[in-house]
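Below is one structure; the comments refer to it alone.
A, B, ... follow the sequence lines: proteins, then strands. Residue 1 opens every chain. Keep in mind it's a predicted model, so treat the numbers as computed, not measured.
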Amino acid sequence: MLKFCSFTAGTLDTINWTLLKKNHPQIGYKTNMSDQKRVFLVDAFALIFRGYYAFIKNPQINSKGLDTSAIMGFMNSLLDVIKREKPDHLAVCFDKGGSVDRVEMFEAYKANRDETPEAIKIAVPYIQEILKAMHIPIMVKAGFEADDVIGTLSKQAEKEGYKTFMVTPDKDFAQLVSDNIFMYKPRFGGGYDIWGVPEVQEKFGVTDPLQVIDFLGMMGDSADNIPGLPGVGEKTAKKFLTTYGTMENLLANTHELKGKMREKVEAAKDLGLLSKKLATIMLDVPVTFNAKDFELDQPDMPKVTELFNELEFRNLLKNFTKTFAIDTAEETGASKNGSEEKIKATPKKETLIPEGQFDLFAAPGTGSVSEEEIASGFKTISTTNHFYQHIDSPFARTLLLRNLMKQTAVCFDTETTGLKALEVELIGIAFSYETGKGYYVSFPEDQAETQRILEDFRPFFESEIEKIGHNLKYDIKVLSTYKMPVKGKLFDTMIAHYLINPDMRHNMDVLAETYLNYQPISIAELIGKKGKNQLSMRSVPLKEQTEYAVEDADITFQLKQLFTGELENGNVTKLFNDIELPLVSVLTAMEIEGINVNTDFLKELSVALTADIDRLEKSIYEQAGEEFNIASPKQLGIVLFEKMELVKKPKKTKTGQYATGEDILSYLAKEHDIIKDIQEYRQYKKLQSTYVDALPNEVNPKTGRIHTQYMQAVAATGRLSSNNPNLQNIPIRTARGREVRKAFVPRDENHVLLAADYSQIELRIIAALSEEENMINAFKNGEDIHASTAAKVFNVPLNEVTRDQRSNAKTVNFGIVYGVSAFGLSNQTDLSRSEAKELIDTYYETYPKLKAYMSAQVDFAREHGYVETVLNRRRYLKDINSRNAVVRNGAERNAVNAPIQGSAADIIKLAMINIQKRFEKEGFRSRMLLQVHDELVFDTHKDELEIIKPIIKYEMEHAFKMSVPLDVEVGIGENWLEAH
DNA sequence: CTAACGACATA
DNA sequence: GTATGTCGTTAGC
């Protein structure tokens, strides 16, 4: 068999040169400029870690629950190198047992690194298996780090006349760079940078790459725990290097330094020399560069295929086979270059649309795969044939509408001037109803004209045609400000994916990359990063607006086709169609409605709070004997525990600060009166900053009301969440906090606020699901469940239950829902650890079926990899079979909690949909305003009060039938607090 | 200017 | 022990 390296130099030159020019016009290198032989040494762990963290927000979990992120990341990088470079010599270097020498020198060396993530640990054996199958040599030397192995091999290869490329993102390697040794730094998402001597000189401000060692020694490296010189960072290190050249020279001339810096550096001379040693890559590892061993050979295709299949690396396998296929083709002379081969695989269609010509009926072409795609692994707009048309004349709009009306399903996506749906202006709407094809209708700044153009499309929006979108709630809200209703069935790809995998993120960019292997134009590229200097979409040229907007609609349209099947696979189609999609409309209506807030009242409240805060501040300063920032946990910790020495052994947080949380302070309250003041101060500060002062700023100037946003695809259990502002965490527990609720008032004097609460819904659900008769009967008899539990657990008559007993029973009842542990319970109550354990044991004896149910949930999760709610909403628990007990226990608590919290969420969502339906059917003037997990709040017209009250109660109590009755308490008042 | 952290508000 | 979101401080870019 021939090898990769058997191509003619000419062909390779051409390909690589084009790639390089495309990605790095500033770099003059090619990896194979001369006839010199090339060897690539790959730093395995660095690439594995990098790959793992690249996927951290979106871990790659295969159907067996294996986290393959690290393997995938590494293989992508490796394959990318092979594909680009066709190296003739290549080896992959691993660490084994860390560096014996360095640890001898400095005990803390790499000591404070976090525990290696599980996914990385399991990755190594897989990767080594794959490498073996690919016939790629693996270099490991026990007691040495990969750095040292690579360093030694590079220098040996250089002597033998090779050009060496060290494939690693780790800047430490810069010290090895020479005329024949280069760093080859893979970039995220494909591409790479090559650092030769000039690059190293520039990046580190050195004349000789060896000075990189001095540089690292001076500034230190927290990842490797190289201490460095105190007070010396990047800037100072560069300055020193320019002046002194080396660490030794600096240390010999410290008398030239000034002030504090001189003191610090002089005191740390030994540390400096040690740091330099630690940063030095060893060049005398007992390994030998034997060119023959490193020659790249043909992979064992069946074996690699088997491994990739096992890991479910479908795209990677395709990619791998493709790389390999080109090579054989070239060897046999069947094809001269890669792109020709690709074109054959996906022939171009005949339909060519002349630039600028208006053609609504054109079929999209199919693209060839370009070098850029090979580079990043993702398709992009420039590698994909597409037909995106800007629509800007009345005639074109007429034609577009005519075509839209012929469809059964159309995807649309609005472009606007910002993120607040109810305050933005419409800039454009993209439509797509066919893969690779779409249209962009743009709107002028003149709002009257915008309204007129939009009216052209009213027949479409009001039609029964299915509307596809990504986060449709946003688009519908924007259109509502132009009085344009959106009717017909909806399909929201964001919500579809939320049901397919609730633990993932659902931005369209991620979905496009994951499901379509396609990287969309990034919004940041178009209008800049958010925050400062971000441009409006209006400032983007229409041509680019069209490409960006229609691409989104096109992708969304394609995702819908895929997700229809995925929903079916997850058995959540019904949940999607019957609950989540109808809920989109309900939430849209609630958000548009908003709630009335008495800002004058809040202003008064703020004044009162300020007075109290000032008083407490003075008192605290006096008792502490100094002024400091009480809001800074860091400063507060020092005052309490170093200056005042309130306690012998203070608790520390994970970052080494003194812990000053509420639980610690309550415990300390008996030690000193200052604690009480601090607790009060904290409470009032929180109230003022988060609620009293913040809420008035959230009032929409047009409506005079507060419009929260409900996030429907965030909480992994199926709950909603609320933000901008969060109205699901308005205070209620403390007297002072409760005042804030008085600010939430009815829309006018003809209305009152109505609040309807499920009583103990989660406990009722767990009672019903577990079929625990003892608990079910207590609910059926309308007993106080916590008192009833106390009576049973402490074996006393119901009417003799003490307050403490009830309180402890209540804590256990809640704990059960969260997945109790004795440790957690004893923290929450004044019980000791063993008392807590005893209480839990008795509890399980009292309610034996509860225990059985919980175990059954865990078993189910272990077997199927997920748990589900009463409406089949799934939560996947990848860690349920983890060997790490802490991680596994966490997953087990989720297995118990998710179905309960999630079923409660399902039930209130059902109730909301049914209530909204009846409101619309009967034409009530009352409105549903807020949802707070187990509570709904309404603006109720006084005339409708008596009709609506029983309707709400009935719909909530009968939303879902269980063996336990649901109970809803309804309250009415002139503000939210009164309504409770 | 941004991100991480600690603290704390709710169900 | 579950699920969230927001604020002020602080460290790092």
In whole angstrom, what separates Ile765(A)'s CD1 from dA11(B)'s C1'? 13 Å
What's the CD1-P distance between Ile664(A) and dA7(B), to the nearest Å? 8 Å
Taking atom types as they are modelled, would you say the side chain of Arg719(A) forms a donor-acceptor pair with the base of dA11(B) within the 3.5 Å cutoff? yes
Any Thr655(A) side-chain N or O less than 4.0 Å from OP1/OP2 of dG6(B): yes
Whole Å only: how far is the CZ atom of Arg875(A) from the C1' atom of dT4(C)? 12 Å
Check this for me: does the side-chain of Gln901(A) come within 3.5 Å of the base of dT2(C) through a donor and an acceptor? yes
Among the nucleotides dT4(C), dG5(C), dA7(B), which one has an atom lying closest to any side-chain atom of Ala715(A)? dT4(C)
Rounded to whole Å, the CD-C1' distance (Gln683(A) to dT10(B)) equals 14 Å
Among Thr717(A), Asp906(A), Asn894(A), Thr869(A), which one satisfies side chain to side chain donor-acceptor pair (under 3.5 Å) with Gln901(A)? Thr717(A)
For Ile674(A), run the side-chain contact (heavy atoms from CB on, under 4.5 Å) check against Leu665(A), Leu640(A), Leu668(A) and tell me which one passes. Leu640(A)
Between Thr660(A) and Arg682(A), is there a side-chain donor-acceptor contact under 3.5 Å, judged purely by atom types and distance? yes
Identify which nucleotide among dG1(C), dG6(B), dT4(C) has an atom closest to any side-chain atom of Thr653(A), counting heavy atoms from C-beta outward. dG6(B)
Parallel, tilted or perpendicular: rings of Tyr847(A) and Tyr843(A) (30°, 60°): perpendicular
Whole-Å gap separating C1' (dA11(B)) and CG (Leu727(A)): 14 Å
Using a 4.0 Å heavy-atom cut-off, does Val896(A) contact any base of the nucleic acid, only the sugar-phosphate backbone, or nothing at all? nothing
Applying side chain to side chain contact (heavy atoms under 4.5 Å, CB included), name anything that partners Ser834(A), two or more places apart in sequence or on another chain. Ser832(A)
When you check the phosphate oxygens OP1 and OP2 of dA9(B), does a side-chain N or O of Arg733(A) lie under 4.0 Å from one of them? no
Protein-nucleotide distance (Leu930(A), atom CG; dA9(B), atom P), rounded to Å: 20 Å
Polar contact flag, side-chain donor to acceptor under 3.5 angstrom, Gln709(A)-Glu591(A): no
Given protein heavy atoms under 4.0 Å, the one-letter contact record of nucleotides 6-13 of chain C, with B base, S sugar-phosphate only and - none, is simply BSSSSS--
Taking any heavy-atom pair under 4.0 Å as a contact, classify Val820(A): base, sugar-phosphate, or nothing. base
Answer with base, sugar-phosphate or nothing: what part of the nucleic acid does Gly815(A) contact at a heavy-atom distance below 4.0 Å? base
Without decimals, in angstroms, what is the distance between Leu665(A) CG and dG6(B) P? 15 Å
Give one of base, sugar-phosphate or nothing for Ala659(A), where a contact means two heavy atoms less than 4.0 Å apart. sugar-phosphate
Rounded to whole Å, please give me the gap between CG in Leu640(A) and C1' in dG6(B). 15 Å
Reckon Ala716(A) touches a base, only the sugar-phosphate, or nothing at all at heavy-atom distances under 4.0 Å? sugar-phosphate
Ile880(A) versus Ala895(A), closest heavy-atom pair with distance: CD1-CB, 4.4 Å
Just checking Lys685(A): base, sugar-phosphate only, or nothing, at a heavy-atom cut-off of under 4.0 Å? nothing
Any base atoms under 4.0 Å from Ile730(A), or only sugar-phosphate, or nothing? Heavy atoms, all strands. sugar-phosphate
Among the nucleotides dT10(B), dG1(C), dA11(B), whichever has the atom closest to the side chain of Thr811(A) is dG1(C)
Side chains of Tyr684(A) and Gln688(A): any donor to acceptor distance under 3.5 Å? no
Quick check on dA3(C): is either OP1 or OP2 less than 4.0 Å from any side-chain nitrogen or oxygen of Asn894(A)? yes
